[in-house]
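See structure below.
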2 protein chains.
Amino acid sequence: MSAAANASTGTLFGVGVGPGDPELLTLKAVRVLAQCPVIAFFRKRSGNANGNAYAAAEPHLPAMRRDLAMIYPVTTEYPVGDARYDEAMTAFYEDQAGLIAAELDAGRNVGVLSEGDPFFYGSFMHVFHRLSPRYPTIVVPGVTGMSACWTAATTPISYGDDVLTIIPGTLDADTICERLRATDAAVFMKLGTNFPKVRAAIARCGLTERAIYVERGAMKHQRVMPLAETADAVAPYFAIVIIPGQGRRL
Amino acid sequence: MSAAANASTGTLFGVGVGPGDPELLTLKAVRVLAQCPVIAFFRKRSGNANGNAYAAAEPHLPAMRRDLAMIYPVTTEYPVGDARYDEAMTAFYEDQAGLIAAELDAGRNVGVLSEGDPFFYGSFMHVFHRLSPRYPTIVVPGVTGMSACWTAATTPISYGDDVLTIIPGTLDADTICERLRATDAAVFMKLGTNFPKVRAAIARCGLTERAIYVERGAMKHQRVMPLAETADAVAPYFAIVIIPGQGRRL
């Protein structure tokens with residue numbers, strides 16, 4: 001895909017494993033993972049679980065494999081834009097790309113698990129930019145977490161000629177309001193500690209009544225409720241707020 | 001999901017079949033389709049093919065089934081907002097919902113094929129709004145056409161804190177420019193006869209160099225090229241223009 005195939009090196013697979021439900025992998029993702037003796041995945045340092053992408057993929061992984069856990073050195077310890085975050089993460093991606101390259105050089109295929117779709121706000125792209133110029137690379141698109149969330153909320157997100165805007169909760173409140181005023185439908189990602197700010201910005205735009213809060217869409221303990229009924233506290237990272245469009249209904 | 005299950009009626013399934021490649025259906029979509037003795041799908045009147053959703057799903061459909069082709073009475077004969085379009089389409093959706101309801105009443109499950117994701121600009125939602133209050137309804141999310149397009153272009157669409165805006169090509173040029181100025185990354189859908197207008201609006205915003213044209217992503221005869229190299233003509237309906245974000249790369 002990105003580099004000429006070389007019989008002696010392995011292929012880098014960026015595999016979208018969908019939103020969390022093992023049944024929401026594509027047939028292609030399942031086929032590709034079976035060809036990967038090395039499975040790489042991102043996880044956070046705290047907790048003892050291998051993360052949501054791994055949990056979704058696990059039933060489909062080959063029995064004979066080696067797991068390469070890529071453990072984020074930091075997650076939310078520094079504010080957005082803090083140079084220490086960027087430094088730590090750049091060194092981390094550099095290291096992990098090196099470990100994956102060593103496997104590819106040894107002729108082994110590496111499957112990098114990506115929650116949702118690999119090219120939609122995924123960590124995989126940091127590996128992709130480093131390795132795809134040098135190794136054959138195949139990316140398998142996946143069902144996004146936001147699709148699982150609006151499905152969980154049982155509501156279409158966009159109709160007809162609606163503009164749909166995906167807004168990271170990390171933006172400041174004024175920018176969020178500007179973006180909201182210029183769209184018909186919206187999805188807020190990356191809530192976490194940003195949740196109270198996002199909630200207030202949506203209220204300021206008079207859109208609270210249309211907003212739905214979805215936690216862990218297509219995962220265990222999924223929760224769906226009107227935004228108006230949520231408490232003004234920190235939300236999990238995998239929480240999303242959706243504001244469905246009101247476009248043409250025929 | 002939307003109505004209490006009733007042992008005597010069938011279940012309405014809205015099944016996302018992904019962007020066109022039969023391997024990009026989810027395991028859940030494949031399992032669900034096998035339980036549907038009636039398969040409903042939208043297609044246009046012209047041509048003799050059953051459309052892209054049907055082609056993607058066909059290898060997975062049960063041998064013993066009845067196909068219910070829902071043939072759009074109009075597609076692009078009227079300009080956007082023309083009352084005749086809305087009238088014809090409303091009557092059409094009403095009729096088709098009635099035909100599906102008759103199957104459900106007879107105790108048969110009906111699988112409605114939806115290209116991409118059923119709740120993301122899909123025709124399924126017009127059936128969904130009419131029938132889900134009355135029949136048990138299950139929606140299966142799918143890989144969107146836009147995911148297939150940025151995968152085909154081998155480029156991440158959004159990074160870090162990028163705002164991503166999905167813009168229907170049906171909007172007027174000034175609105176398109178406003179939306180483009182307020183976003184980091186963009187996806188243009190519904191090109192067709194709108195393509196020259198969209199192309200000119202992107203040029204007016206100085207974004208042509210970053211834009212990529214993708215035709216029939218994840219389908220046969222897929223084409224990818226820089227927008228700057230396209231001819232200023234009508235594009236197929238399944239063409240998309242993407243402008244990838246330039247957010248945080250670590």
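Lettering follows sequence order; numbering is per chain, from 1.
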Of the backbone (N, CA, C, O) and the side chain (C-beta and beyond), which part of B/Pro118 lies under 4.5 Å from a heavy atom of chain A, both, or neither? neither

Side chain, backbone, both or neither: which part of B/Tyr159 has a non-hydrogen atom closer than 4.5 Å to chain A? both

Which bit of B/Phe92 comes within less than 4.5 Å of chain A, counting heavy atoms only: side chain, backbone, both or neither? neither

How far apart are the C-alpha atoms of A/Leu27 and B/Leu24, what are their side-chain angles, what is the distance that settles it, and do they pass the side-chain contact (heavy atoms from CB on, under 4.5 Å) test? CA-CA 6 Å; A/Leu27 301 173; B/Leu24 290 179; over 6 Å; no

Would you compute the distance between atom CG of A/Asp117 and atom CD1 of B/Ile157 and round it to the nearest 0.5 angstrom? 10.0 Å

In terms of heavy-atom pairs under 4.5 Å with chain B, which of A/Glu87, A/Glu178, A/Met189, A/Arg130 leads? A/Arg130

Among A/Lys190, A/Glu94, A/His129, which has the most heavy-atom pairs under 4.5 Å with chain B? A/His129

To the nearest 0.5 angstrom, please state how far the CG atom of A/Leu250 sits from the OG1 atom of B/Thr90. 4.5 Å

So do the side chains of B/Ser147 and A/Phe120 get within less than 4.5 Å of each other, counting heavy atoms only? no

What residue in A/Pro141, A/Ser158, A/Pro168 has the most heavy-atom pairs under 4.5 Å with chain B? A/Ser158

At a heavy-atom separation under 4.5 Å, does A/Val187 approach chain B through its side chain, its backbone, both, or neither? neither

Between the main-chain N or O of A/Leu25 and the side-chain N or O of B/Lys28, is there a donor-acceptor pair closer than 3.5 Å? no

Can you check whether B/Val163's main-chain N or O pairs, donor with acceptor, with A/Arg179's side chain at less than 3.5 Å? no

Which answer fits B/Thr155, side chain, backbone, both or neither, if we ask what part of it has an atom under 4.5 Å from a heavy atom of chain A? backbone

List the atom of B/Phe128, the atom of A/Pro156, and the distance in Å for their closest heavy-atom pair. CE2-CD, 4.0 Å

Please examine the side chains of B/Val143 and A/Thr26, heavy atoms only from C-beta on, and report whether any two atoms are closer than 4.5 Å. yes

Can you tell me which of A/Val140, A/Thr175, A/Asp162 forms the most heavy-atom pairs within a distance under 4.5 Å of chain B? A/Asp162

Any side-chain heavy atom of B/Thr165 within less than 4.5 Å of one from A/Leu164? no

Measure A/Phe124 against the heavy atoms of chain B and call it side chain, backbone, both or neither at under 4.5 Å. neither

Among A/Thr183, A/Ile167, A/Asp86, which has the most heavy-atom pairs under 4.5 Å with chain B? A/Asp86

Looking only at B/His60, B/Arg31, B/Met146, most heavy-atom pairs under 4.5 Å shared with chain A are made by B/Arg31

Select one option (side chain, backbone, both, neither) describing which atoms of B/Leu171 are under 4.5 Å from chain A's heavy atoms. side chain

